[in-house]
Amino acid sequence: MILKISKEKFIVIFVTSVLYLFICCALDYNLIFSTVLISCSLFIGLTCIFDWTNSVLSIRNIFFILFFGCGVYLRYFVILCWPDEFCNFIYTKVEMKAENYTNASSIILMVTMIFAAVYLFHIKKRYYTALNKDDTRYAQSESYVVNYTVLNVIWVVTATFVYAYNIINVQTAVNLTSFHQLDFLTTIIRNIVRAISYTNLLAYFHDKTKKGNLAIYVIFFVLDCYVSFIQAWKGKIIYEILAFLVLYCYSGKRLKIKQIIIFVLLVLIIYPSITIYRDILFERSSYSLGISGILSYLKEENLFIIISERYAYYDEIFHCVNLFAEVISNYLAECGTIVQMFFSSIIPRFLWPNKPSVAQGLYITWNIFGKPYNTSSTITYVGDAFLSYGYVGVAIVTFLYSLLLKNRDWIVYLKDDFETSCKTVISFIFLTFMEGSLAGKFVTVIATYILLNVCRKISKRNEAITNVEELE
């Protein structure tokens with residue numbers, strides 16, 4: 001059993017949890033039992049899941065902050081302060097009664113306890129973190145030097161295909177995404193572009209004279225954020241900024257207050273901008289897409305609630321856990337269980353004519369949430385597991401997911417910058433599992449892993465540093 005936390009931190013966590021309990025009870029005393037469950041989850045999460053010995057930007061801590069911190073604890077507080085905002089993005093709402101709140105909070109507490117148990121009792125060897133080329137441990141584990149010429153040729157070809165495809169798809173309103181296999185392939189190749197771009201960024205961090213490597217990353221970042229913006233994909237831009245900060249720390253640097261402030265300001269700009277853009281697409285906005293529109297939006301709208309809605313995981317879990325059996329039965333008949341969706345994603349329809357629909361996100365939008373929009377929605381991994389297999393499914397999937405994230409805790413320079421970048425890309429895909437659509441994302445992980453290893457073999461250069469003395 002591993003629990004590394006000081007007595008002072010333990011007291012602060014306990015006091016914080018008790019204050020959270022009293023404040024939430026004061027906001028709505030009728031939900032006292034649900035609030036007690038959430039407060040217990042908060043105490044266990046801060047004590048056992050959040051890693052106080054590691055960086056805030058470790059994969060484990062990012063997951064805790066986004067899923068539990070923003071998606072559960074903060075969101076629960078928000079809906080107690082503004083009850084009308086609860087499930088406001090869901091058109092066909094289940095009954096908002098205390099018993100249903102208790103159902104959702106109890107499953108969240110169960111999930112918290114499983115994560116805590118895995119982190120406490122599943123012991124895994126720690127690797128060195130934030131290594132650099134001046135460290136002899138780096139030399140001992142070095143297997144080869146990256147051939148940046150080959151790697152960047154691959155980057156040019158793949159980036160041209162990916163971003164041309166996405167920009168044409170959005171700007172000309174040509175429904176290229178109806179070709180599911182091509183759309184899936186583009187997603188995989190986009191991950192290859194990310195890995196190579198991250199490798200160039202790390203190369204620049206090691207040697208500031210490598211301006212060309214930095215230029216490649218900057219081009220990628222601008223193009224990727226632009227495509228994510230026109231696709232109205234808020235989370236993707238935030239994940240890219242987080243990935244930059246993670247790589248910055250992996251290179252042995254420390255975050256400064258100025259960089260954290262810049263990150264917060266970017267979030268405050270990105271969220272209203274994409275919200276306005278999305279509303280314009282659906283003809284639901286009275287704001288203009290520009291500086292004046294954003295300022296008007298910030299002045300008239302509650303940005304805190306808007307950002308909170310992006311991580312409304314409590315709402316989604318609440319809705320799924322309390323759905324009528326008939327709705328769940330129809331969902332399974334149309335989309336299938338997680339296992340069925342996994343195989344339906346990789347087996348062509350001519351080999352499996354009656355396979356479930358692969359458009360899980362659209363089905364959730366139309367039939368679970370009741371929204372009349374042509375968008376893809378998710379219900380968190382907890383919702384996915386519950387609709388497929390009930391409470392047992394949630395327990396099993398949570399256990400497996402916690403193992404995956406734990407093995408991502410210590411991303412290091414085991415061999416070279418490209419390997420570190422590949423591990424970062426895979427880790428951020430694992431992070432998105434929290435949002436749901438598990439089957440499709442797991443297929444994405446497998447395909448991305450295979451293609452990254454192919455790129456790794458192609459870019460290998462036989463100029464390895466295998467001796468510590470060569471660095472001294």
Side-chain angles (χ1 to χ4, degrees), residues 51 54-66 124 126-133 138 141-143 146 148 151-152 154-155 158-159 162 187-206 213-214 216-221 223-225 228 235-255 259 263 401 404-435 441-442 444-456 459:
D51 187 358
N54 204 352
S55 168
V56 175
L57 291 175
S58 68
I59 297 301
R60 168 177 172 175
N61 288 341
I62 291 175
F63 168 78
F64 178 81
I65 292 170
L66 293 181
K124 183 174 178 62
R126 291 190 177 190
Y127 299 109
Y128 297 115
T129 56
L131 299 182
N132 54 65
K133 291 186 177 180
Y138 181 91
S141 60
E142 181 91 63
S143 65
V146 176
Y148 281 94
L151 208 57
N152 289 333
I154 297 173
W155 182 89
T158 53
V162 166
T187 301
I188 304 304
I189 295 178
R190 193 170 178 177
N191 289 329
I192 306 303
V193 174
R194 291 171 65 198
I196 298 176
S197 302
Y198 295 167
T199 306
N200 279 281
L201 179 63
L202 286 172
Y204 172 75
F205 283 150
H206 295 322
N213 296 91
L214 177 62
I216 289 175
Y217 175 79
V218 170
I219 293 171
F220 152 77
F221 187 83
L223 282 174
D224 206 73
C225 290
S228 298
K236 182 67 173 62
I237 300 177
I238 301 301
Y239 278 128
E240 279 308 323
I241 298 173
L242 277 175
F244 172 84
L245 297 177
V246 168
L247 292 168
Y248 185 82
C249 291
Y250 287 165
S251 65
K253 301 177 177 10
R254 291 178 177 271
L255 282 179
Q259 294 160 331
F263 173 74
Y401 188 28
L404 278 177
L405 289 180
K406 185 174 180 63
N407 290 337
R408 296 283 118 187
D409 276 353
W410 308 98
I411 302 176
V412 296
Y413 293 99
L414 293 177
K415 294 181 180 178
D416 54 77
D417 289 345
F418 188 47
E419 184 189 35
T420 303
S421 301
C422 292
K423 288 180 180 293
T424 303
V425 169
I426 297 295
S427 295
F428 271 85
I429 299 176
F430 283 149
L431 271 181
T432 64
F433 278 26
M434 74 175 80
E435 299 170 355
K441 288 175 181 175
F442 195 69
T444 300
V445 167
I446 295 172
T448 300
Y449 181 81
I450 293 172
L451 284 183
L452 286 175
N453 275 282
V454 171
C455 292
R456 186 169 177 75
S459 64

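Going from atom CG of Asp224 over to atom CD1 of Ile219 covers 13.0 Å, rounded to the nearest 0.5 Å. Annotation: the span from Leu242 atom CG to Ile237 atom CD1 amounts to 12.5 Å, rounded to 0.5 Å. Here the CD1 atom belonging to Ile189 is positioned 7.0 Å from the OG1 atom belonging to Thr158, to the nearest 0.5 angstrom. Rounded to the nearest 0.5 angstrom, Asp51 CG and Ile59 CD1 are separated by 12.5 Å. In this structure, CG on Leu452 lies 5.5 Å from CD1 on Ile426, to the nearest 0.5 angstrom. Here the CG atom belonging to Asn213 is positioned 11.0 Å from the OG atom belonging to Ser197, to the nearest 0.5 angstrom.
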- Give the C-alpha distance, both sets of side-chain angles, the deciding distance and a yes or no for side-chain hydrogen bond (donor to acceptor under 3.5 Å, both in side chains) between Asn191 and Arg194. CA-CA 5 Å; Asn191 289 329; Arg194 291 171 65 198; 3.0 Å; yes
- What do the steps show when you test Phe433 against Phe442 for side-chain contact (heavy atoms from CB on, under 4.5 Å), and what is the final call? CA-CA 8 Å; Phe433 278 26; Phe442 195 69; 4.2 Å; yes
- Message: Determine whether Tyr449 and Thr444 satisfy the following criterion, side-chain contact (heavy atoms from CB on, under 4.5 Å), listing intermediate values before the conclusion.
- Response: CA-CA 8 Å; Tyr449 181 81; Thr444 300; over 6 Å; no
- Under the side-chain contact (heavy atoms from CB on, under 4.5 Å) rule, what do Leu151 and Thr199 come out as? Steps first, then yes or no, please. CA-CA 9 Å; Leu151 208 57; Thr199 306; 4.0 Å; yes
- Check the pair Phe205 / Tyr248 against ring pair (Phe, Tyr, Trp, His ring centres under 6.0 Å), numbers first and verdict last. CA-CA 8 Å; Phe205 283 150; Tyr248 185 82; 5.5 Å; yes
- Item | Worked verdict on Ile196 versus Ser421 for side-chain contact (heavy atoms from CB on, under 4.5 Å) | CA-CA 7 Å; Ile196 298 176; Ser421 301; over 6 Å; no
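Checked by atom type and distance alone, the side chain of Lys441 pairs as donor or acceptor with a backbone atom of Thr432 at under 3.5 Å. Under the 3.5 Å distance criterion, the side-chain polar atoms of Thr448 are left unmatched by any main-chain donor or acceptor of Val445.
Within the 4.5 Å cutoff, no side-chain heavy atoms of Ile188 are placed close to those of Ile450. At a threshold of 4.5 Å between non-hydrogen side-chain atoms, the residues Phe418 and Cys455 count as touching. Contact of the Arg190 side chain with the Val162 side chain is registered, since non-hydrogen atoms from C-beta on lie closer than 4.5 Å.
Nearest heavy-atom pair, Tyr239 versus Leu431, reported as atom, atom and distance to 0.1 Å: OH-O, 4.2 Å. Closest approach of Tyr401 to Met434, counting heavy atoms only: OH-N, 3.3 Å.
For Phe428, the ring pair (Phe, Tyr, Trp, His ring centres under 6.0 Å) test picks out no residue, with sequence neighbours left out.
Note on ring orientation: taking the six-membered ring where Trp is involved, the planes of Tyr217 and Phe220 are tilted (angle from 30° to 60°).
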